[in-house]
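So the structure is just underneath, and the comments pick up after that.
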Amino acid sequence: MSSVAASAPPSAQPAVSVASRAGVATVVHKFGGTSVADAERYRHVAQLLLARDEAMQVTVVSAMKGVTDALIGVATLAAEDGSAWREHWHALRARHRGAAVALLGEHAGATVEWLDQRFDQLAEVLGALAVIGGLPTEVLDRVQGMGEVYSAQLLGKYLQTLGEDCAVLDARDVLVIERGELGVDVDWVRSAERLAQWRLQHPQSRIVATGFVARDRQDRITTLGRNGSDYSGAIFAALFNADELHIWTDVDGVLSADPRVVPEAVQLEALSYDEACELAYFGAKVVHPQTMSPAIERGLPIIIRNTFHPDHPGTRITAERTASGPIKGLTLSPDLAVINLEGTGLIGVPGTAERVFAALRNAHVSVVMISQGSSEHSICCVVKQAEAVRARESLLQAFAHELSLGQVQRVQLTDNVSVLAAVGDGMAGQPGVAARLFESLGRAQVNILAIAQGSSERNISVAVDSRHATKALRAAHAGFWLSPQTFSVGVIGPGNVGAALLDQLQAAQVQLLGRANVDLRLRAVASRSRMVLDERGLKGDWRAALSGPAQPSDLEAFTEHLLSAHLPHALIIDCSGSADVADRYAGWLAAGIHVVTPNKQAGAGPLERYHAIREAAAGSGARFRYEATVGAGLPVITTLRDLVDTGDEVLAIDGIFSGTLAWLFNKYDGQVPFSDLVSQARGMGYTEPDPRDDLSGVDVARKLVILAREAGRELSLEQVRVESLVPEALRQASVEDFMAGLPQIDAVFAERLAVARTEGAVLRYVARLTPDGAEVGLVALPAAHAFANLRLTDNVVQFTTRRYCDNPLVVQGPGAGPEVTAAGVFADVLRVAVGEGARL
Ligand code: ADP
Ligand code: ASP
Ligand code: MG
């Protein structure tokens, strides 16, 4: 798919012979605009160069940062609008004069004069453009390359004022190139001849040369295309027969992805030429795609390195292949479109592809990517957005006959597309790389419009909607372990459990990132009335953030915020206990947001909502987990799920699901009245604020419903027979009146206990699901029964299944308390992360 179009330098090229000091090499350095933004940076570059011990040092420079854009801008302005360009021209001149004065001090005079002359010439050209009201390409080429001419002069003069014997080489005097459709073609023979001529006058061993600019065979000034100074560096490296090419920029080398899109991108120590070509071709701006061709031909190492960290070794690009993993890097190419030619008449017809490409070629449309289904029913090309309409027209014309006959059904254009490319020599012959890429994108809910893999197996490219491009790149980057699996996390309901969870989450964050490569980024916390939304993730005290200048709660804005980060995954943890929040689950899940909750509303609420939630999750692949709804942190639902998933059949579920009721009946031996025990439990925080919520048995019934549904039963809360321990008369009373009236029931309980005792039994509040129905209530159990011998607030769940028939499977342990409940929720969160590819 990618091709590098320059003809390689002939191996017998007349290389310029340079007297070299024994053992010390010829090195070409290239400094990008990012390295020469102002006088201070030129000074830094000069120091860096002077510190190096090289027999021959050729330094290729770009224009000062932003100058090429400014020159293009001023030329365009002149052509469009009579005099508006002057102001910008002044600013540019002032910037260069300022740099000269700051850099050269008392020696600046001649250089400022030199600059003034150049700027006067520029003004003449711009004036002429204003008169003709147009911008011919030749003129644009002349103007846009001036920044390099100024820049080389500044650095060269500075080195001279430092006492160095340094020559300034204007590449327009030596480089001869031709710009064709496939890129730039270097005329090596003529360029080498001209350079040899130039060298006769300039034998210095330190040279500063202009990047970007050259001449064509007609001697017109031209450029190597945007970002072309890297290529200039490689061409000069070939012409000077250099041993190495160092490309200096503002990052530590080639990174695994564009760091502006993926801040976690990692630096790559080494790349093969092929890998670097693919990355560059598909948009890694750090190096120009054609740079590699002169280097490949002569095995010249290219080192990409950081002007700001000169000691960093950077990235070494050589012929050597070092497969550290299947994928080295990922790139995004924006501003593309997909064009799809579709028709039953294409099946088995030879030459269709050829006609497509001929038509596109004649319309001067360059094809970025091609894919054809083996059914041959359609051919799909990715082209530049700017050429998309032209491409479509050309295909409509070329296939007009087939369209009229109905053999071709349509030529369809999809705008606003980006191509994501995954690159690495290591993917050759390795199964599963494409799968990993597609899986990462699928999990991040990114739709793939077209796919292509070169047969070199060095690159897999997918076309995606540009609106999803950032998310896609981040998801793929994480999918290949190049950066952590990142979740945009929101927590609702920072009450007891919610607060404990937030604390646990924050405490574990660093370790999860380091050990498991999972980044759970807490980006939103909402209570009933207030919420905080944080762009980068709440790191400090969430309590303070929520009590500080928070905004009113709004779950729409909360959701929007979670999704806005273009992070691969979003997750909402609902610790609210609210039915209104549960009403939103289906919507969230459908949008691909995972939901984790200890809230029983969804699992035990109306069946209709429950089914809607399940369907939404199944549809999008987002996960809905609620382990902590039963038995707090105990693995109750996970165990049940495993049973069901492995094909077991659940015959019955029994247990004690309420820590509060467990404690009350474990303690109740008739000595202390039952109402006293309720008061004690309330005092110790074992009960809900209103103990009737525990004593009514509804909470236990809810848990039974959740388990029943998990076991595949369509059970509703109304179908559970519930024995409430709250006397009829006290159900409507205030909490205080209820507590005051509670001794009324002591006699009843004493009586029930006495009866049980006569049979050698104890009282326990038990839930029970059998094929005949579901019930919760107080029962008398033999004193030897497992449920009769639990510790204080322990919960127990007993599964009787086809496999665990004679000897049921039992899950038992502490089943209440904010800490263990939060831990259960957290475990669910981690299970979601694992499901998305995290390695715990
Ligand atoms: P220069 O002016 O030095 O030529 P550029 O701006 O042309 O610098 O290229 C360097 C920039 O390329 C970096 O600052 C970085 O933001 C961007 N970039 C894009 N993709 C990558 C990548 N894969 N690795 C490193 N940098 C990248
Ligand atoms: N200055 C030119 C550009 O901005 C060339 C370069 O910097 O590589 O495209
Ligand atoms: Mg560049």
Side-chain angles (χ1 to χ4, degrees), residues 29-38 41 44-45 59-73 92 140-141 143-152 171 184 209-214 222-236 245-269 271 275-291 302-309 312 314-315 317 327-334 420-424 469-470 473-474 476-477 482-483:
H29 299 270
K30 176 264 168 173
F31 289 88
T34 50
S35 302
V36 289
D38 54 30
R41 299 311 305 165
H44 176 78
V45 166
T59 302
V60 176
V61 285
S62 288
M64 287 165 85
K65 189 175 186 174
V67 165
T68 311
D69 285 333
L71 285 164
I72 296 170
L92 258 181
L140 175 63
D141 275 349
V143 173
Q144 67 177 337
M146 285 309 293
E148 273 66 13
V149 180
Y150 312 143
S151 180
V184 169
T210 56
F212 191 39
V213 290
T222 184
T223 70
L224 302 178
R226 291 311 304 271
N227 227 354
S229 295
D230 296 336
Y231 191 24
S232 306
I235 296 169
F236 278 117
L245 167 63
H246 293 225
I247 294 181
W248 296 84
T249 180
D250 63 345
V251 283
D252 282 339
V254 183
L255 307 179
S256 53
D258 187 335
R260 292 162 298 185
V261 185
V262 184
E264 305 84 2
V266 291
Q267 189 258 343
L268 305 173
E269 274 174 38
L271 281 177
E275 289 171 328
C277 278
E278 301 274 354
L279 285 174
Y281 185 79
F282 279 96
K285 194 188 167 199
V286 69
V287 55
H288 185 279
Q290 288 194 317
T291 309
I302 302 173
I303 298 125
I304 313 283
R305 50 198 310 191
N306 194 343
T307 328
F308 298 84
H309 294 152
H312 194 287
T315 300
I317 306 175
I327 292 294
K328 285 272 181 67
L330 294 136
T331 61
L332 268 185
S333 317
L420 169 74
V423 172
T470 299
L473 179 61
R474 291 178 179 174
H477 196 263
L482 296 166
S483 57

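Atoms considered below: every heavy atom in the structure, side chains included; atoms not considered: hydrogens, waters and symmetry mates. As the structure lists them, so they are numbered: ligands from 1, and atoms in each ligand from 1.
The backbone N or O of Lys285 lies less than 3.5 Å from a partner atom in the side chain of Asn227, making a donor-acceptor pair. Side chain of Glu148 to backbone of Ser62: no donor-acceptor contact under 3.5 angstrom is found. The closest donor-acceptor contact from the side chain of Thr291 to the backbone of Ala234 lies at 3.5 Å or more, if one exists at all. For the pair Thr210 (side chain) and Val149 (backbone), a donor-acceptor distance under 3.5 Å is absent. Thr223 places no side-chain N or O within donor-acceptor distance of the main-chain N or O of Asp141, the cut-off being under 3.5 Å.
For ligand 1 and Lys30, the ligand atoms under 4.0 Å from any heavy atom of the residue are 4 (O). Ligand 1 places these atoms under 4.0 Å from at least one heavy atom of Asn227: 4 (O), 7 (O). Residue Arg226 has at least one heavy-atom neighbour below 4.0 Å for each of these atoms of ligand 2: 3 (C), 4 (O), 9 (O). Less than 4.0 angstrom separates some heavy atom of Gly32 from each of these atoms of ligand 1: 1 (P), 2 (O), 3 (O), 4 (O). The contact set between ligand 2 and Ser229, taken as ligand atoms under 4.0 Å from a residue heavy atom, comprises 5 (C), 6 (C), 7 (O), 8 (O). Every atom of ligand 1 with a heavy atom of Thr249 under 4.0 Å away is listed here by number and element: 1 (P), 3 (O), 8 (O), 10 (C). Here is the list of ligand 2 atoms found below 4.0 Å of a heavy atom in Thr68: 1 (N), 2 (C), 3 (C), 4 (O). Atoms of ligand 2 lying under 4.0 Å from at least one heavy atom of Ser62, given by number and element, are 6 (C), 7 (O), 8 (O). Counting atoms of ligand 1 from 1 in the listed order, those under 4.0 Å from a heavy atom of Val254 are 24 (N). Of all atoms in ligand 1, listed by their number and element, those nearer than 4.0 Å to a heavy atom of Ala257 are 22 (C), 23 (N).
Considering only non-hydrogen protein atoms, atom 17 (C) of ligand 1 sits nearest to Arg260 NH2, 3.4 Å. Closest to atom 1 (P) of ligand 1, if we only count protein heavy atoms, is Thr34 OG1, 3.5 Å. Here the heavy atom of the protein found nearest to atom 26 (N) of ligand 1 is Val286 CB, 3.5 Å. Of the protein's heavy atoms, Asp250 OD1, 3.5 Å lies nearest to atom 13 (C) of ligand 1. The protein non-hydrogen atom at the shortest distance from atom 21 (C) of ligand 1 is Asp258 CA, 3.8 Å. Counting only heavy atoms of the protein, atom 2 (O) of ligand 1 lies nearest to Gly33 N, 3.0 Å.
Contacts between His288 and ligand 1 below 4.0 angstrom, taking non-hydrogen atoms only, are absent altogether. With a 4.0 Å cut-off on non-hydrogen atoms, Asn227 touches ligand 2 through its backbone as well as its side chain. For Ala265, no heavy-atom contact with ligand 1 is shorter than 4.0 Å. Here Thr331 has no heavy atoms under 4.0 Å from ligand 1, in either its backbone or its side chain. By the criterion of a heavy-atom distance under 4.0 Å, neither the backbone nor the side chain of His288 is placed next to ligand 2. Contacts between Lys285 and ligand 1 below 4.0 angstrom, taking non-hydrogen atoms only, involve backbone and side chain alike.
Residues Val286 and Leu255 are not in side-chain contact: their nearest non-hydrogen atoms beyond the backbone lie 4.5 Å or more apart. The shortest side-chain heavy-atom distance between Lys30 and Phe236 does not fall under the 4.5 Å cut-off.
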Could you walk me through whether Arg41 and Lys65 pass side-chain contact (heavy atoms from CB on, under 4.5 Å), step by step?
CA-CA 11 Å; Arg41 299 311 305 165; Lys65 189 175 186 174; over 6 Å; no
Evaluate side-chain contact (heavy atoms from CB on, under 4.5 Å) for Thr34 paired with Thr307, printing each intermediate quantity in order.
CA-CA 9 Å; Thr34 50; Thr307 328; 5.8 Å; no
Show your reasoning for whether side-chain contact (heavy atoms from CB on, under 4.5 Å) applies to Arg474 and Val262.
CA-CA 6 Å; Arg474 291 178 179 174; Val262 184; 4.1 Å; yes
Check against salt bridge (charged side-chain N to carboxylate O under 4.0 Å, His left out), Arg226 and Asp69
CA-CA 10 Å; Arg226 291 311 304 271; Asp69 285 333; 3.0 Å; yes
Steps toward side-chain contact (heavy atoms from CB on, under 4.5 Å) verdict (Val45, Val61):
CA-CA 10 Å; Val45 166; Val61 285; 5.7 Å; no
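Aromatic ring pairs are classed by plane angle as parallel below 30°, tilted from 30° to 60° and perpendicular above 60°; the pair His29 and His246 is tilted.
Between the side chains of His477 and Ser256, at least one donor-acceptor pair of N or O atoms lies under 3.5 Å.
Close N/O approach between Leu255 and ligand 1 is found [any backbone or side-chain N/O within under 3.5 Å].
Going from atom CG of Asp230 over to atom CG of Leu224 covers 10.0 Å, rounded to the nearest 0.5 Å.
At least one heavy atom of Gly253 sits closer than 4.0 Å to an atom of ligand 1. Using 4.0 Å as the threshold, Gly147 has no heavy atom nearer than that to any atom of ligand 2.
With Ala284, Ala280, Pro259 as candidates, the residue nearest to atom 27 (C) of ligand 1 on a non-hydrogen basis is Pro259.
At a cut-off of 2.8 Å, Asn227 is counted among the residues with an N, O or S atom near the Mg ion (ligand 3).
Nearest heavy atom pair, residue Ala63 against residue Ser151, reads CA-CB, 4.0 Å.
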